[in-house]
Amino acid sequence: LSQAPYTKGLNVFTICDLNIDKAKKACREVGWSEDQINNIIFTEDFEKAINNDEVDVVVEATGHPSSGIKHARTCFKYGKHVIMVNVEADVLAGPSLSAEANSAEVVFSMAYGDQPSLTLEIIEWARASGFKVTAAGKGTKYMPEYHYSTPKTVWDHYGLTSDEAEKAGMNSKMFNSFLDGTKSSLEMSAIANASGLNVPNNGLLFPPCGMDDLASLLKEKNKGGILEKNEQVEVVSSLERDGRPVFKDLRWGVYAVLQAPNDYAASCFKQYGMNTDQSGEFSAMYKPFHLIGMELNTSIFSAALLKLPTGQTKYFKGDVVSVSKRNLKKGEKLDGEGGFTVWGKLIPASTSLNLQALPIGLANDMYLKNDIDKDKILTWNDVEFDANNEIIKECKPNKIYSFDTETTSLDFHKAELVGFSLSYKNNSSFYCPLSHNSADDINLPFDDTLDILRELLEDKSLTIIGQNLKYDINVLKKYSVI
């Protein structure tokens, strides 16, 4: 909103908010005149707001996961592009929403200016330039004790009093979600689910690391780094573990670590003055700052004019699960992201499904059925929930899947894999194209997609249903999937 009046070709037509007076106040605070405010349609009715030919792009910025998912689907119904600032909704249902947007022939996009989109921009640049991305992520202020921070203690870590924060209009719960590690986990999950990068097995490490040391630290252990996997997301801390500031920290920025594919590329790292590790094989590209919503117009123009997202969820590599901040008692009510009861931890999606872990995006206004010890991952079995809630039905893991391959021949000896279909709920299914020849078909990355399929098929907790599984198994064996 701050930049909209100064951006040629962009017109804010309507603003939807549950508190219209507060929305108008926000416009005044970013410099809008009363004439500009009076020219905007303010409404509490979301569907009425977007069901208008004047609206091309909708910016979903509620921060409420369930509402974000519903709003996105309403936009698809009316043929509107969506810029999803609401990373919580994206992590919960991003793959489904992306598929639905593609079917509706609209754009579903991450928000440029937020760190996931800016990180993806570097990842895509690196891959298009022929480099392997060994790590990518962002910086933040982190100490291990921050995981237990609450809305009452958060301002101590920011050097503010509660009164000062309140006068400035700062939301303690929102700021605490950044401090306790939840927001970092959500943003790294978003990056992994859009890029196909791996996530750590047991949460982010938050290693203290400055700009000059990214290439030395953020690579696989067998290469002298700290990462358990190659091609992994990670967040670096601007504080050493003893509280000292990191030299040339990346607190406000994003990065990707690159691996040279050959000696010539490695020599170019050195010749062009890039920071490298001791071997010269790894270097890093980074952006030290981000301007959040002030850069958002890039996404709007990209969607409206180019019909392209500035980052879009394609995979389900990582999930952000609820972890208890303290000993919790049966009957207590969970208060969600940034609250007093749980924080969000990033783990592999396959692990989350096996555990039946409770996503942080749904851990709000739910009552506990069991006592929970501190530092434990909460599961669906630990909470009371409405089984008929549409969002919960979608996000609660289903243990039964149907599966079928698409091939070039009925003879599995000759057959080549073209794609496969999956369904995990009634009246909904997904087709994953892998090697179609038509120029109109968009194929998924072949090896990366088969890696994900392999994880699914090897999960012994799942029941897979198929029409001719013996044939499918023989085909997949040729590709070492099973």
Residue from Asn275, Thr134, Leu218, Leu214 passing side chain to side chain contact (heavy atoms under 4.5 Å, CB included) with Phe282: Thr134
Out of Thr119, Leu118, Leu250, Ile122, which residue meets the side chain to side chain contact (heavy atoms under 4.5 Å, CB included) rule with Tyr255? Leu250
Does a side-chain heavy-atom distance below 4.5 Å link [X] with [Y]?
X      : Y      : answer
Asp365 : Asp335 : no
Asp90  : Phe108 : yes
Leu328 : Leu334 : yes
Thr150 : Val154 : no
Ser98  : Lys314 : no

Does the ring centre of [Y] sit less than 6.0 Å away from the ring centre of [X]?
X      : Y      : answer
Phe175 : Trp155 : yes
His157 : Tyr142 : no
His436 : Tyr431 : yes

So, for [X] and [Y], which heavy atoms are closest and what is the spacing to 0.1 Å?
X      : Y      : answer
Asn176 : Ser149 : OD1-OG, 2.6 Å
Leu205 : Arg241 : O-NH2, 3.1 Å
Arg73  : Ser96  : NH2-CB, 4.1 Å
Leu346 : Ser185 : N-OG, 3.5 Å

Plane angle bin for Phe131 and Trp125 - parallel if under 30°, tilted between 30 and 60°, otherwise perpendicular: tilted
Is the number of heavy atoms from other residues, nucleotides or ligands under 6.0 Å of [X] [atom1] greater than 12?
X      : atom1 : answer
Lys325 : NZ    : yes
Lys70  : NZ    : no
Lys307 : NZ    : yes

Tell me yes or no: between the side chains of Thr310 and Ser302, is some donor less than 3.5 Å from an acceptor? no
First locate atom SG of Cys16, then atom CD1 of Ile50, and finally report the distance between them rounded to the nearest 0.5 Å. 9.0 Å
Should Lys229 and Glu220 be marked as a salt bridge (Lys or Arg N to Asp or Glu O under 4.0 Å) after you check the CA-CA gap, both sets of side-chain angles, and the distance that decides it? CA-CA 6 Å; Lys229 304 174 185 177; Glu220 208 170 3; over 6 Å; no
Quick one: do Asp277 and Lys219 satisfy salt bridge (Lys or Arg N to Asp or Glu O under 4.0 Å)? Show the steps, please. CA-CA 10 Å; Asp277 69 334; Lys219 55 189 179 183; 2.5 Å; yes
Mark yes or no: Lys183 above the aromatic ring of Phe178, with NZ or CZ under 6.0 Å from the six-membered ring centre and no more than 45 degrees from the axis. yes
Cationic tip of Lys141 within the cone over Phe206's six-membered ring, i.e. under 6.0 Å and within 45° of the normal? no
Sequence-distant partners of Tyr479, ring pair (Phe, Tyr, Trp, His ring centres under 6.0 Å), two or more places apart: Phe446
CA sep, side-chain torsions, deciding dist, call: Tyr148, Asp180, side chain to side chain contact (heavy atoms under 4.5 Å, CB included): CA-CA 7 Å; Tyr148 310 108; Asp180 70 8; over 6 Å; no
